[in-house]
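Have a look at the structure below, then the notes.
What you are looking at is a predicted structure, and each value in this text was computed from that prediction instead of being measured. Values reported hereafter were calculated over all heavy atoms of this structure, with side chains retained and with hydrogens, waters and symmetry mates removed.
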Amino acid sequence: MRLLATVAVCCAAWIAGAQIAGPGVWEWKVSPEVEAWQKDAPEGVKVWDGVKADRRDGTVRILAEATGVSKGIEAEFLLIGAKSDRAYESLLVAKCNGGAVMEAMAWLGVPEGWPTDPLHVRFWPKGERVSMGVRLLSEEKVVPITEWIRDLKGGTSNVLAEGFAYVGRRGWDETKMPAPIVSFYNDEQTLFDLPFKAAKGAVYGRFRIGRQLKVNEKAEVVLKVMPAADGKPRVVQVDQRVSPEMSAADVVRALRERVSPEHDVYVRLLPDGKVSVAQMKELAQVVALVEGPDAGGIRLDTPPADGFYPPAFNPSDDWRNRKERPFQPWELHLGASNVLVQVIEDWNVEGLDPKLSTKRFVLEGPGDVLRVANLIDNPERAMRTVLVFAPGNYPVGELRRWLAPVRERLPQVWVFVEEEAKQ
């Protein structure tokens with residue numbers, strides 16, 4: 001699919017008479033207008049190589065060059081770094097690297113954000129919102145992004161008008177491809193992301209080039225900070241404590257009292273140690289109904305190091321049956337006895353499915369979980385997931401105690417209530 005898309009882009013550009021680069025590092029062409037742009041720095045404006053920040057109006061301007069990708073072609077990025085090899089997927093290439101952009105945002109007082117990171121259960125881009133536009137250096141007007149990029153699923157509206165989340169973190173690596181600065185899907189490395197869940201596969205083909213630019217045509221991407229209507233930061237962090245006496249409805253009611261349509265609310269649920277796993281499962285099911293800007297307005301945030309991501313208590317029941325799992329994680333059975341189970345796959349059998357067998361390790365304490373996992377697992381392909389089976393009345397505090405030694409070793413946790421895994 002990627003190869004076909006690349007060929008299509010290059011062919012379309014050739015037909016249109018454009019000379020765009022295929023995969024490979026972009027070669028920037030310096031011109032007198034670029035030198036003039038770099039020198040133009042009125043009072044109140046700070047300048048880096050290829051970047052300007054203006055405290056008077058809260059804008060950042062990034063010098064860019066057009067790739068020549070043709071109108072109607074899919075775009076995965078508005079802007080990529082100077083050393084990126086993905087010009088065939090982007091409208092523009094920056095003259096600078098991401099580090100200069102982050103310095104400019106910091107100079108404006110905009111805090112760093114958090115990109116998505118599924119391995120560490122961060123599924124929502126988190127950061128202050130910015131609007132986006134593009135101005136050709138040969139013109140005066142800044143043209144909104146909605147005229148440069150079409151949203152095929154937006155109907156009469158364009159979701160890009162809602163702005164982008166500044167998710168930049170220290171350590172942006174210009175040599176790590178695709179080195180995006182402004183991305184149209186959730187990317188762990190990008191600096192500016194869509195402000196909602198947008199996995200690459202889910203939005204593939206949605207965004208298209210809406211306006212043709214000549215290859216090497218010079219422009220600037222103009223970002224403007226979008227505070228909430230009350231003038232305060234848009235990002236609000238809410239830590240909601242959960243006690244054994246609270247029902248799922250009580251928790252949702254408490255959250256709704258703290259949700260504001262003008263803000264992006266990120267929620268961490270912090271259960272008391274006496275809360276049961278059954279209570280957490282019910283809570284996870286109810287919270288799922290009100291998660292997202294179009295539902296209840298909340299976004300579940302990454303839990304603290306010893307906390308739990310609520311959906312972990314509501315896994316697919318199909319996974320109770322080992323034959324229905326896509327792979328075989330560790331199983332931790334807690335209750336009257338505490339046992340760690342390794343499920344072994346033997347592929348040296350007839351048919352398409354492996355023969356499954358198990359090894360059981362009786363545990364005397366939480367430290368044994370880590371000891372057994374390290375002793376048995378192949379270090380080059382170590383399992384990162386554990387399925388926990390516990391009675392419905394099992395306290396979260398006890399679950400936390402058993403998992404504490406292996407949180408880094410087994411970061412992906414799923415908790416099943418009451419039933420045992422089927423043999």
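Across every non-hydrogen atom of W330 and L340, the tightest pair is CE3-CG, 3.6 Å. Looking at every heavy atom in both residues, D187 comes nearest to D193 through N-OD2, 3.5 Å. The minimum heavy-atom distance between R206 and D151, with the atom names listed, is NE-OD1, 2.7 Å. Here the closest heavy-atom approach between residue R135 and residue K141 is recorded as CG-O, 3.3 Å. Across N186 and A198, no two heavy atoms sit closer than the pair OD1-N, 2.6 Å. L194 and F207 get closest at one heavy-atom pair: CD1-CE1, 4.0 Å.
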| request: For the pair F184 and F77, evaluate ring pair (Phe, Tyr, Trp, His ring centres under 6.0 Å) and give the outcome as yes or no after the intermediate values. | output: CA-CA 5 Å; F184 296 139; F77 315 104; 7.8 Å; no

| side-chain contact (heavy atoms from CB on, under 4.5 Å) between W148 and L213, worked out | CA-CA 10 Å; W148 297 104; L213 285 176; 3.6 Å; yes

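For the residue pair Q38 and W48, no side-chain donor N or O sits within less than 3.5 Å of a side-chain acceptor on the partner. Checking N158 against R150 by side-chain atom types alone, no donor-acceptor pair falls below 3.5 Å. Side chain to side chain, D250 and S247 meet the donor-acceptor criterion of an N or O pair below 3.5 Å. K126 and Q237 are linked by a side-chain donor-acceptor pair at a separation below 3.5 angstrom, with hydrogens and angles left out of the test.
Of the charged side-chain nitrogens involved, none lies within less than 4.0 Å of a carboxylate oxygen, so that D306 and R407 do not count as a salt-bridged pair. Of the charged side-chain nitrogens involved, at least one lies within less than 4.0 Å of a carboxylate oxygen, so that R325 and E331 count as a salt-bridged pair. With salt bridges taken as basic N to acidic carboxylate O contacts below 4.0 Å, one links D264 and R129. Under a 4.0 Å N-O distance rule, the pair D49/K95 qualifies as a salt bridge. Under a 4.0 Å N-O distance rule, the pair D377/R409 qualifies as a salt bridge.
Take S157 and apply the side-chain contact (heavy atoms from CB on, under 4.5 Å) test, not counting sequence neighbours, and it matches no residue.
For the pair K218 and W28, the cation-pi test (distance below 6.0 Å, angle within 45°) is passed.
Crowding of R56 atom CZ: a count of heavy atoms from other residues, nucleotides or ligands under 6.0 Å exceeding 12.
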